[in-house]
Amino acid sequence: MEHTPAPYGPRSVYGYALYIGSNMLFLLFLLWAVIPDEVLHNLGLTYWPSKYWAVAIPIWALTTLATFAFIIYPAINLSMTPDIDDIVTITDKYSCSRNETVSGGISPVFDIPITEVCRKLYLPRKEK
């Protein structure tokens with residue numbers, strides 16, 4: 001069978017079951033977090049984790065997500081960025097160089113050299 005993201009029978013059934021299951025687990029989590037322990041003990045439900053975890057787990061998850069989003073992910077991207085004098089930043093035979101255009105026309109697509117990009121972005125402009 002071909003791998004495709006399009007919906008088909010089994011995938012829709014599994015998706016619906018996952019949707020219902022996750023909503024039921026979230027409802028159970030909310031009930032456990034909100035209902036006092038005395039009420040749960042009166043219902044015969046005596047073995048439950050501490051209510052501390054109802055607050056701690058979401059805070060830890062959000063802290064981990066924020067650490068990844070604002071520190072780890074940018075650090076990974078910066079570590080994979082080549083230096084300006086690296087061999088991969090040099091123009092090769094497949095790049096499109098700038099061609100002269102008719103004034104008033106639409107500019108063609110071309111590769112901008114990394115030195116020109118850095119000059120425009122990071123060097124101070126000369127006052128005229």
Side-chain angles (χ1 to χ4, degrees):
M1 182 171 171
E2 182 182 340
H3 295 287
T4 174
Y8 65 100
R11 183 176 290 167
S12 63
V13 171
Y14 293 146
Y16 183 70
L18 183 64
Y19 172 74
I20 295 297
S22 63
N23 280 334
M24 293 302 289
L25 284 174
F26 183 65
L27 181 66
L28 182 65
F29 170 77
L30 285 180
L31 288 175
W32 164 69
V34 172
I35 294 177
D37 284 334
E38 294 79 26
V39 175
L40 293 174
H41 289 296
N42 289 340
L43 294 174
L45 304 171
T46 57
Y47 186 73
W48 288 94
S50 172
K51 300 285 182 162
Y52 164 81
W53 296 108
V55 176
I57 289 175
I59 289 175
W60 284 0
L62 290 175
T63 303
T64 303
L65 179 67
T67 302
F68 180 79
F70 294 115
I71 297 173
I72 296 173
Y73 188 68
I76 290 170
N77 285 335
L78 285 174
S79 69
M80 293 185 341
T81 303
D83 292 331
I84 194 165
D85 58 348
D86 196 350
I87 190 69
V88 297
T89 60
I90 298 174
T91 306
D92 63 359
K93 65 181 180 178
Y94 298 107
S95 64
C96 301
S97 59
R98 180 183 297 188
N99 297 331
E100 296 299 321
T101 60
V102 178
S103 63
I106 298 174
S107 300
V109 175
F110 64 91
D111 295 327
I112 302 173
I114 191 71
T115 54
E116 185 179 337
V117 172
C118 290
R119 192 176 304 115
K120 294 280 186 183
L121 289 177
Y122 303 119
L123 290 179
R125 295 183 182 189
K126 296 179 181 177
E127 298 295 327
K128 293 183 180 183

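This chain uses plain numbering: 1 for the first residue, then up along the sequence.
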Problem - Distance (rounded to the nearest 0.5 Å) between T63 OG1 and F68 CZ - result: 15.0 Å

Completion exercise
What one should report as the nearest heavy-atom pair of K51 and L40 is NZ-CD1, 4.2 Å

Problem - Crowding at CD1, I106 (>12 non-hydrogen neighbours, <6.0 Å) - result: no

Problem - F110 atom CZ: more than 12 heavy-atom contacts under 6.0 Å - result: yes

Exercise for the section: Decide whether Y73 and M80 are clustered together by the hydrophobic rule: side chain heavy atoms of Ile, Leu, Val, Met, Phe, Trp, Tyr closer than 4.5 Å, transitively. Expected result: yes

Problem - CH2 on W53 to CH2 on W60, rounded to 0.5 Å - result: 4.0 Å

Completion exercise
Rounded to the nearest 0.5 Å, the CG atom of L43 sits from the OG1 atom of T46 at a distance of 11.0 Å

Handout entry: Shared hydrophobic cluster, Y52 / I35 (ILVMFWY, side-chain heavy atoms < 4.5 Å)
Key = yes

Fill in the blank from the handout: Tightest non-hydrogen contact, residues P74 and A69, listed as CD-O, 3.5 Å

Handout entry: Cluster link F29 to L62, ILVMFWY, side chain under 4.5 Å
Key = no

Practice task
Answer yes or no: is there a side-chain heavy-atom contact under 4.5 Å between M24 and L28?
Solution key: no

Handout entry: ILVMFWY network linking V117 to Y122, side-chain heavy atoms under 4.5 angstrom
Key = yes

Handout entry: Distance in Å, N23 CG paired with L18 CG, rounded so as to fall on 0.5 Å steps
Key = 9.5 Å

Exercise for the section: Report whether L31 and F26 are members of the same hydrophobic cluster (ILVMFWY, side-chain heavy atoms less than 4.5 Å apart, transitive linking). Expected result: yes

Fill in the blank from the handout: d(N42 CG, D37 CG) to nearest 0.5 Å is 11.0 Å

